[in-house]
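One structure is given below, encoded as structure tokens.
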Amino acid sequence: MKRLRMVPNLITCNTLLNSLGSTPSTRSSDLCKELLNDALKIGFKPNVNTFNILMRGYCLEHKFENAIELLNTMQDFDCQPDNVSYNTLLNALCKKGQLNKVRDLLLDMKSRGLTPNRNTYNILVDGYCKMGWLKDAAQVIEVMTHNGLLPNIWTYNILIHGLCNKGRIDEALKLRDEMEGLKLCPDVVTYNTLINGCFQINRSSDAFKLLEEMKGKGLKPVEVTHNVVLKWYCKEGKMREASDALRIMEEDNLSPDCMTFNTLINAYCKAGNLAEVFKMMNKMGCKGLKMDTVSLNTFLHSLCQERRLAEAYELLTTASKRGYVVDEVSYGTLIVGYFKDENADRAIKLWDEMKEKNIIPSIFTYNSLIGGLCKIGKTEQAIGKLNELLENGLVPNEITYNSIIHGFCWEGNIERAFHFHNKMLENSFKPDIFTCNILLRGLCREQMLEKALKLFDTWISKGKVLDSVTYNTLIGALCREGRLEDALGLVAEMQEKKLGPDSYTYNALTGAFVDAGREDQVEELISKLTDRGIALQQVIEIKKGDVISESSDYLDPSSILYSEQITDLCTEGRFKDAMQLFGEFIQKGIAIQKSAYIALISGLIKRRKSIRSAHVLQWFFELKEAHSIIASSL
DNA sequence: GTAGGGTTAG
């Protein structure tokens, strides 16, 4: 530009800011701010777009305070916020569930004489749908229509998504029909949403039917469509099909993306197949795809599950240096990990660390902390956190309330549990199956079995949907009281409703039979079980318990030696050598241990260090260069 | 606007 004697203008600056701010990486919004300051020094006059771009950057990093501050300083530069400014902020706030800020902002918007446009309404509809408040969402649409703005395809897709998330697929399908009547053609997004919705409630044949229907209408499946199907295979544990789906995707000339790989990595992690995890991560790298926050969090979770808290913590605290954006999920994952490891102090400390880093927790992460506190008998402290989140304008959900009810029950304070439950009922809290089971278990623990049975009967007569946990809770309690015949009565009832019996039921029953000196009947029970092959397998697994998980790492002695070599190299940071050694072992057909795979996977994650820092530096260079060009051309 | 990571009960 300089050579051509062209002067960079506002558009140059905005474009630069846009590309810099829209890639969420560490400190990208800070870099934007720096760039703007530099530009201001040179005498640039920002326009409303400049500010909107910066606000979007802040929102991407959930720095709402900064974004709002920017909104209020625009006037100093002769700019007035427009609908885009407000919509940007509203959208981000809705996504984080910060409803009180949304309300304030809408009032603020009104006071400036701006009227919500269709995007604004759609953002609000989405916000309510994400909270699961479909009635409120419908109300927004009414207001919208009243103000002369008709719902468009986005509005419908948002609503369909909201219904699918609640498992109300049939209503979602009706909306699709309604769309067609209004000549708003359902598009790829509509179908992806519906297909995903069907899978979520295990209606896979409907999902595949929709996939065919979609193709029949000339709508070509896109990456998301494939990712949805692949996710279903993963959920079903059909990893063969999942990896086939990956291949098919490539054959269809669609490129698998981070989502695709993260889905697979997560599934392999959960299956304990670290060899495949490693393979997938490697493949990602070969395709030029960078691992992101989700990949990181998946692995953090995996480490926590393995109770390798020290390694998880190390990874968490060094991740941002490696160019990863650490988020509330990363922290939440470790907080749960520490609570499960009975290290509540570290969990709470981590929460404070997160806050110090200005990472804003959503209700999800609050629930992790509250749940942990309740499990260690610190319900009072948990209520303190509940109040805190309310003050922050977050809305608690069923999980929040259930955790606290569980906390009271666990402390043996049944009265307070019910009292809290009743008070929450007045606050639009809808008890779910978890609530029922928690209360039931609470009563049973406190020797109030009669009350529990009575409550159960009222639920039955009200036609409430109960599950196997409900039955097992009562069966277990009856067994402990030696009321075997009553327990067997419930087993029969459970069987009638096709809810079991399952391994929990059998464990309760066998224990009770043995205690009653009726070992012979245990035999009978076991033989009944043999007809239900899977259940027996489960019982055996539960009996063996920890032994299985401990020994799953067992391999022959030589492989232990080889594995140690790999681990050692990784610890020394000699990742390349470790990889080479690994390659040799694979060729020789030597299997390596889980721990060695973990070392290799960490290596892959850590390797991002060089890539990322080079990346950031490059940005910086370009930035400085842009600056000098701007400066010298003036 | 759709797809990936984490939170509640036996």
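All values below come from the heavy atoms of this structure, side chains included, with hydrogens, waters and symmetry mates left out. Predicted model only: the values in this text are computed from it and were never measured.
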- Starting from P on B:dA3, measure out to OH on A:Tyr233 and report it in whole angstrom. 19 Å

- Item | B:dA3 phosphate, OP1 or OP2, under 4.0 Å from A:Lys235 side-chain N/O | no

- Query: Do the two ring centres, one from A:Tyr471 and one from A:Tyr504, sit under 6.0 Å apart?
  - Reply: no

- Item | side chain to side chain contact (heavy atoms under 4.5 Å, CB included) involving A:Cys59 - partner list, sequence neighbours excluded | A:Ala67, A:Thr88, A:Leu89, A:Ala92

- When rounded to whole Å, the CH2 to P distance for the pair A:Trp154 and B:dT2 reads 9 Å

- If you measure from CG on A:Asn427 to OH on A:Tyr401, what distance do you get to the nearest 0.5 Å? 5.5 Å

- What is the distance, rounded to the nearest whole Å, between atom CG of A:Asp187 and atom P of B:dA3? 13 Å

- Item | OP1 or OP2 of B:dT7 under 4.0 Å from side-chain N/O of A:Lys375 | no

- Message: Rounding to an integer number of Å, can you tell me how far A:Asp292 CG sits from B:dA3 C1'?
- Response: 13 Å

- Task: Send over the distance from A:Phe420 CZ to B:dT8 C1', rounded to a whole Å.
- Result: 13 Å

- Nucleotide nearest A:Ser368 when distance is taken to its side chain, options B:dT7, B:dA3, B:dT8: B:dT7

- Message: Is the phosphate of B:dT2 approached by A:His161 (side-chain N or O, under 4.0 Å from OP1 or OP2)?
- Response: yes

- Task: Starting from P on B:dT2, measure out to CG on A:Leu175 and report it in whole angstrom.
- Result: 16 Å

- Task: Check if the side chain of A:Ser330 and the base of B:dG6 share a donor-acceptor pair of N or O atoms closer than 3.5 Å.
- Result: no

- Message: Nearest whole Å is fine: how far is B:dA3 C1' from A:Glu223 CD?
- Response: 11 Å

- Task: Indicate whether OP1 or OP2 belonging to B:dG6 is found under 4.0 Å from a side-chain N or O atom of A:Lys270.
- Result: yes

- Task: Measure from CD1 on A:Ile433 to P on B:dT8 and round the result to the nearest Å.
- Result: 17 Å

- Item | For A:Tyr331, ring-ring contact (aromatic ring centres under 6.0 Å, His included) partners two or more places apart | none

